[in-house]
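First listed ligand is number 1; within each ligand, the first listed atom is number 1.
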Amino acid sequence: MTYLRKNIAEMAGYVPGFQPENEAEWIKLNTNENPYPPSPKVREAILAELGSDGGNLRKYPDAASREFRRVAAELYGFDADWVISANGSDELLNNLIRACAGEGEEIAYVHPSYSYYATLAAIQGAKVKTFGLTEAGRIADFPARYPGKIFFLTSPNAPLGIAFDKAYIRELAGRCAGILVVDEAYADFAEENALELVRECRNVVVTRTLSKSYSLAGMRLGLAVARPEMIAALDKIRDHYHLDRLALVAASAALRDQNYLREMVAKICSTRGRFAAVLESLGYQVLDSCANYVFAAPPDRDGKRVYEALFQRRILVRHFSDPLLAHGLRISIGTDEEMDQALAALREIG
Ligand SMILES: *Cc1c(COP(=O)(O)O)cnc(C)c1O
């Protein structure tokens, strides 16, 4: 006898990457956090909002996130009614499923990619289909007409780091009867993105997060760009005060400081190139990455062995037990010093 809906009772919860309590003792390369602090403008904006006595916190935040949306819309070249803010892009992924996929209806995503889509679908009682990837980085057996309600395309792909080009995403959009959600959590680290397709194709939605490139994982900030009809639907179903006052001012300040973003992204991409080259010289197979992590397999293709040996040295990386991924590791790009320490440990481990 249970009080729960059947699908909730039966579903498993999502397991996020391990967050150790004594963080300072670890080199943390397992959840794709940015190793650098956010723009100094973020701290200034938060302190200004807080004021000397925190008095502003008495008042509810702007339920419509008007400033954040305006800044984001201007940055990406859309009208403000094409943009919605979110409590992390995870909130948007959830609300897109709530808005578009009813009980028993189907959503799909690429396997391997972000498995949280499946958890969110389970909450709605929606069915899940997965598509594999070909060697050439295409979706395997994608039908001429995919009839499901949503197809989630993580681009750049997590955990592999490969990105899909715009022409191919356009083609996929044309083959989807429902919406194509391009989860661009890592797009700031890539050369290309699908924003233009939101204007071009009726069914494309792009989601972004400030957690990775903007170093704001701790503030929980995301956004989506979509047609005004879709934005209006997402607005109807979200919590009305979903972003707090400090998060809102942090978001606008971070988006406004594009010079800082470009500088940090360039630094991380240059560390990524150097790290990947040394890993390859150690015999690792490293996939070309368009994100702030690399997926790499040791010469003996035993990802778990290397994960455990690194763990003993207090270096955290991500290992997935999934048979498609178990041979490798997803290693987030930290500072140059952190990556040097990781390389020294990997040399020792062999
Ligand atoms: C990190 C990540 C997210 C979640 O971002 P938040 O804004 O922190 O919720 C979504 N999708 C992918 C693929 C991610 O890696």
Side-chain angles (χ1 to χ4, degrees), residues 13-19 28-35 38 42 65 68 72 83-98 107-121 123 130-131 133 150-164 169 180-190 193-194 205-226 234 238-239 242-244 247-248 250-251 254-255 261 265 268 272 287 289-295 317-318 320 322 325 329-333:
Y14 181 74
V15 184
F18 177 60
Q19 299 282 14
K28 207 172 163 300
L29 308 174
N30 69 330
T31 49
N32 299 341
E33 287 146 330
N34 196 309
V42 167
S65 309
F68 175 19
V83 175
I84 188 169
S85 56
N87 193 285
S89 63
D90 285 345
E91 183 196 11
L92 289 164
L93 304 175
N94 187 13
N95 283 345
L96 283 162
I97 297 180
R98 289 173 71 204
I107 67 118
Y109 63 97
V110 177
H111 178 73
S113 74
Y114 191 35
S115 61
Y116 191 46
Y117 310 125
T119 309
L120 296 172
I123 296 170
T130 57
F131 290 99
L133 278 175
I150 307 180
F151 178 50
F152 287 102
L153 185 70
T154 321
S155 184
N157 176 280
L160 301 178
I162 59 167
F164 300 93
I169 299 175
L180 172 63
V181 177
V182 190
D183 180 345
E184 292 196 333
Y186 302 98
D188 287 324
F189 299 101
N193 65 64
V205 175
V206 167
T207 62
R208 293 283 179 98
T209 174
L210 277 71
S211 295
K212 279 68 181 236
S213 54
Y214 288 94
S215 304
L216 286 172
M219 285 308 272
R220 313 303 308 128
L221 288 161
L223 61 94
V225 183
L234 293 170
R238 68 177 169 82
D239 288 350
H242 62 161
L243 292 176
D244 66 66
L248 282 173
L255 291 184
L261 172 79
V265 164
I268 289 168
R272 177 182 76 198
L287 294 185
S289 171
C290 301
N292 66 336
Y293 49 85
V294 294
F295 190 83
V317 298
R318 192 84 188 252
F320 301 92
D322 186 290
L325 302 170
L329 298 167
R330 189 194 69 190
I331 307 173
S332 308
I333 302 301

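Under a 4.0 angstrom heavy-atom cut-off, Ser211 registers as being in contact with ligand 1.
Every atom of ligand 1 is numbered from 1 in the order shown, and the set under 4.0 Å from a heavy atom of Thr209 is 5 (O), 6 (P), 7 (O), 8 (O). Each of the following atoms of ligand 1 lies closer than 4.0 Å to a heavy atom of Tyr186: 1 (C), 14 (C), 15 (O). Remark: ligand 1 atoms within the under-4.0 Å shell around heavy atoms of Arg220 are 6 (P), 8 (O), 9 (O). Close contacts of ligand 1 with Thr154, meaning ligand atoms under 4.0 Å from a residue heavy atom, involve 13 (C).
Looking only at side-chain heavy atoms (C-beta outward), Leu255 and Leu261 stay at 4.5 Å or farther from each other. Under the 4.5 Å side-chain criterion, counting only non-hydrogen atoms from C-beta, Ile123 is not in contact with Arg98.
In terms of protein heavy-atom proximity, atom 11 (N) of ligand 1 is nearest to Asp183 OD2, 2.7 Å. Scanning the protein for heavy atoms near atom 5 (O) of ligand 1, the closest one is Ser89 OG, 3.1 Å.
Put simply, the residue from Asn193, Val83, Leu92 that forms a side-chain contact (heavy atoms from CB on, under 4.5 Å) with Arg208 is Asn193. Tested against Phe151, the residues Ile107, Val182, Val110 include a single side-chain contact (heavy atoms from CB on, under 4.5 Å) partner, Val110.
The CG atom of Asp322 sits 9.0 Å away from atom OG of Ser115, with the distance rounded to the nearest 0.5 Å.
On a distance-only criterion, Lys212 and ligand 1 share at least one N/O pair closer than 3.5 Å.
Heavy atoms of Tyr116 found under 4.0 angstrom from ligand 1: none, in either backbone or side chain. Proximity of Asp90 to ligand 1, defined as any heavy-atom pair under 4.0 Å, is shared by backbone and side chain alike. Contacts between Glu91 and ligand 1, counted as non-hydrogen atom pairs separated by less than 4.0 Å, are absent for every part of the residue.
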- Task: Report the C-alpha separation of Ile331 and Tyr293 in whole Å, then their side-chain angles, then the decisive distance to 0.1 Å, and conclude whether the side-chain contact (heavy atoms from CB on, under 4.5 Å) test is met.
- Result: CA-CA 5 Å; Ile331 307 173; Tyr293 49 85; over 6 Å; no
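The two residues Pro159 and Arg330 have their closest heavy-atom pair at CB-CD, 3.7 Å.
Taking the six-membered ring for Trp and thresholds of 30 and 60 degrees, Tyr186 and Phe189 have ring planes inclined between 30 and 60 degrees apart.
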